[in-house]
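Here the structure comes first, spelled out in structure tokens, and everything after it is commentary.
Keep in mind that this is a model prediction, so the values were computed, not measured. Start at 1 and go down the list; that is how both ligands and their atoms are numbered. If you read the sequence from its start, that first residue is 1, and numbering goes on from there.
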Amino acid sequence: MWVFMERSLATVWAFLLGAGLTLAFSVATTKNVPQSLQLLGCVFIPRSNVTCHWTPGDNQATYYTLKAEKMLRSKNLTFSCTTTGLSCTAGINGSGLRFTFCISVISHSISGNVSSKIRCQSARIEGKLAPVSLNSVRQVDGSPHCLSVSWTSNVTHFPLAPFEIERGELNSQIKFTAEGEVNAQVRNVSVTGYTFQVCLFKPYTSYTLEIRNRYLGEASPWSEWSNPFQGRTAEAAPSAAPALWREVGPIGRNGRRLISLLWKPLPRFMANGRVTFYNVTCRAENGLTLSDYGSCGKLQPETTSCSLPLPAGRCSCSLTASTSAGTSPKALVWISGSSEKEPPPPAELTATPLGDDSVKIRWRPPPDLSVSGFVVEWVAVREETSSVLHWEKLNSSSTKLIITEGVKTMERNAISVKALYGEQGAGGNITLHVYTQEGTPSAGPDVRVEHISETSVELSWSPVPVEQLHGFIRSYALVCTTRNQLARSVTVPGDLHRYTLENMSPGIYDIFIRASTVAGTGPAGNPANVHIGSEEISIVICIIVPLLLMSLVSILILLLAQMRV
Ligand SMILES: *[C@@H]1O[C@H](CO)[C@@H](O)[C@H](O)[C@H]1NC(C)=O
Ligand SMILES: *[C@@H]1O[C@H](CO)[C@@H](O)[C@H](O)[C@H]1NC(C)=O
Ligand SMILES: *[C@@H]1O[C@H](CO)[C@@H](O)[C@H](O)[C@H]1NC(C)=O
Ligand SMILES: *[C@@H]1O[C@H](CO)[C@@H](O)[C@H](O)[C@H]1NC(C)=O
Ligand SMILES: *[C@@H]1O[C@H](CO)[C@@H](O)[C@H](O)[C@H]1NC(C)=O
Ligand SMILES: *[C@@H]1O[C@H](CO)[C@@H](O)[C@H](O)[C@H]1NC(C)=O
Ligand SMILES: *[C@@H]1O[C@H](CO)[C@@H](O)[C@H](O)[C@H]1NC(C)=O
Ligand SMILES: *[C@@H]1O[C@H](CO)[C@@H](O)[C@H](O)[C@H]1NC(C)=O
Ligand SMILES: *[C@@H]1O[C@H](CO)[C@@H](O)[C@H](O)[C@H]1NC(C)=O
């Protein structure tokens, strides 16, 4: 028991002693390492002033004095300012920055004055240069990614001589915004003269530029940005070929078929300039030379299609676009021979309307692995006026497309997808009819009476023109009225165009038909007026017809008799 107490007491003492020592030591460290008054840095504004910052010293300073001494051979000029804070600005009496300035800070307190170390260096090192003026931004012929920039500076406010600039004593940055873009980019550039080239631009694009400078390194703050100046880079050859597609007409009597070639203007960022002409050339793969180029050949830049007669065998056509700086790569389209077996179409096609004027389609590639791409074609289905063919060419890994161009609500679209098989040309198509949104028909079918019997009437009707349907016909409603009373109403499936109304009681009927889509029922077309089992019909059939026949027979007999005579 005693032994234990003795031990624990010893531990307590040891602990107390340790704690005391640490305490004493930490007090000693704060006291023995005093914080010294230290100049952090200055900024010189040419011909104006100097502003310096410092850290406070230990003593309770009542105020500080900043001393900036300009070293001259004849005499030293001292500029100063005082503050209770940790920075102040002293005027430099219109001095330039190509001088050595010795800077020191003095802290004044009750216990005495303490000075920081004196630091002497050229004022340029911490000088903030005056902004320069851009006075031209020009394209560089043959270098469509470059611009040549010229600038000037105010000699009295810009403490660098041309030879110093040439030596690379200027650090510079450029800020640029391409036309149509909102965000500016900033890049480091090397400026070794009053005209310099920057090569980080896109061809044939207008840019707004600004530059700023500092002397040598980070000690010198950036100048303000220069005035903005605009310039356009030079044209380059188009970087891609336009998308090219074709429509194949039937074979004519001369054994040739009319081929229409279609292409899309290059987007700006690929055209790299103003397209000056297109060049369309075709060749027959069996070596037949083509003499008739139809409307193809060298074409104006506004053109996006041309057509020419081609032989029935396999052919290929190519298209290039040219700017003043060169010609694009070739776009190639293969046209399979008309007697060649058509490779398979994609396996499955589905369409999902995304809104009033867009449809998302998806397909599964055909099992054949040699597919080199896909083409989606779509048209508005119309009977009365022709409609524009829209198309989109996609690479072999594509399995979907969102169609927005040329689709309208309540208008039927035929969308088809074909796979491309390299030199074999395009395969067969898989086609869907699609509405982004169905509406009610705006017209009904006209009723035709095909046959009337004593108790029934057989009707037929032609489909309403697709432009007036606004949807897929679900059903037709056949409505019979007699003396403005509903006599009968029958709904028949939308794929029927003939129907017999049976067991009609005698009477005079008006019969009309309305078409319905999923969105609703449209108006009726022209009605038919039908007399069923009525006396008039009995009279026609039982009396007038035999009478007519009898008179015909008598006339014939008379005629024959006369010929004998
Ligand atoms: C220093 O000079 C610049 C330029 O003349 C002036 O804009 C700035 O206000 C001055 N700084 C102070 C603190 O007076
Ligand atoms: C200017 O100051 C420097 C450094 O303090 C000194 O060596 C020099 O003699 C002074 N020149 C004159 C003319 O006072
Ligand atoms: C300011 O500069 C003028 C001439 O440049 C000079 O005469 C004058 O002594 C300078 N003043 C001070 C306070 O240095
Ligand atoms: C401290 O500096 C002030 C202002 O320069 C001066 O008036 C004062 O005499 C100096 N005090 C000492 C102890 O040197
Ligand atoms: C330089 O700038 C100052 C102040 O901005 C101006 O007074 C002076 O006229 C300018 N000098 C030249 C050559 O542009
Ligand atoms: C510019 O260069 C400096 C070094 O000189 C570097 O720290 C900085 O990140 C560069 N800025 C840009 C925008 O490249
Ligand atoms: C059009 O292309 C063909 C074949 O590439 C070429 O021979 C012809 O010179 C081109 N024409 C023009 C005007 O560039
Ligand atoms: C195919 O086209 C799609 C969409 O344009 C693109 O994301 C993909 O990288 C292309 N694939 C290949 C193999 O070029
Ligand atoms: C799709 O194929 C059918 C049958 O081969 C053809 O009649 C139709 O014109 C083709 N449609 C398109 C858009 O090529």
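Regarding atom 4 (C) of ligand 1, its nearest protein heavy-atom neighbour is Ser48 OG, 3.3 Å. The nearest protein atom to atom 5 (O) of ligand 4, hydrogens excluded, is given as His108 CE1, 3.9 Å; this is a heavy-atom distance. For atom 6 (C) of ligand 4, the nearest protein heavy atom (residue, atom name, distance) is Asn113 ND2, 4.1 Å.
The heavy atom nearest to atom 12 (C) of ligand 9, out of those in Val248, Asn429, Val375, is found in Asn429.
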How far apart are the C-alpha atoms of Asn135 and Ser150, what are their side-chain angles, what is the distance that settles it, and do they pass the side chain to side chain donor-acceptor pair (under 3.5 Å) test? CA-CA 6 Å; Asn135 49 29; Ser150 299; 4.6 Å; no
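Taking a cutoff of 4.0 Å between a charged side-chain nitrogen and a carboxylate oxygen, Arg362 and Glu348 do not qualify as a salt bridge. The existence of a salt bridge linking Glu224 and Arg212 is excluded, since no basic side-chain nitrogen approaches an acidic carboxylate oxygen closer than 4.0 Å. Between Arg382 and Glu411 there is a salt bridge, with a side-chain nitrogen of the basic residue lying less than 4.0 Å from a carboxylate oxygen of the acidic one. Between Glu164 and Arg98 there is a salt bridge, since a side-chain N of the basic residue sits under 4.0 Å from a carboxylate O of the acidic one.
In summary, the atoms of ligand 1 found under 4.0 Å from a heavy atom of Ile45, numbered by their order in the structure, are 4 (C). Atoms of ligand 1 found under 4.0 Å from any heavy atom of Thr89 (numbered from 1 in listed order, with element): 11 (N), 12 (C), 13 (C).
Within the 4.5 Å cutoff, the side chain of Leu37 has heavy atoms near those of the Tyr64 side chain. Using a 4.5 Å heavy-atom threshold, the side chains of Val114 and Ser36 count as separate.
The protein reaches atom 14 (O) of ligand 9 closely, with a heavy atom under 4.0 angstrom from it. Under the 4.0 angstrom criterion, atom 2 (O) of ligand 9 counts as having a protein heavy-atom contact. Less than 4.0 angstrom separates atom 9 (O) of ligand 4 from none of the non-hydrogen atoms of the protein.
Assignment of Lys418 to the shell around ligand 9 is supported, since a heavy atom sits closer than 4.0 Å. Ligand 9 has Ser416 within reach: a non-hydrogen atom of the residue lies less than 4.0 Å from it.
Any N or O atom pair closer than 3.5 Å counts here, and Asn49 shares at least one such pair with ligand 1.
Cys81 has its SG atom within less than 2.5 Å of the SG atom of Cys88.
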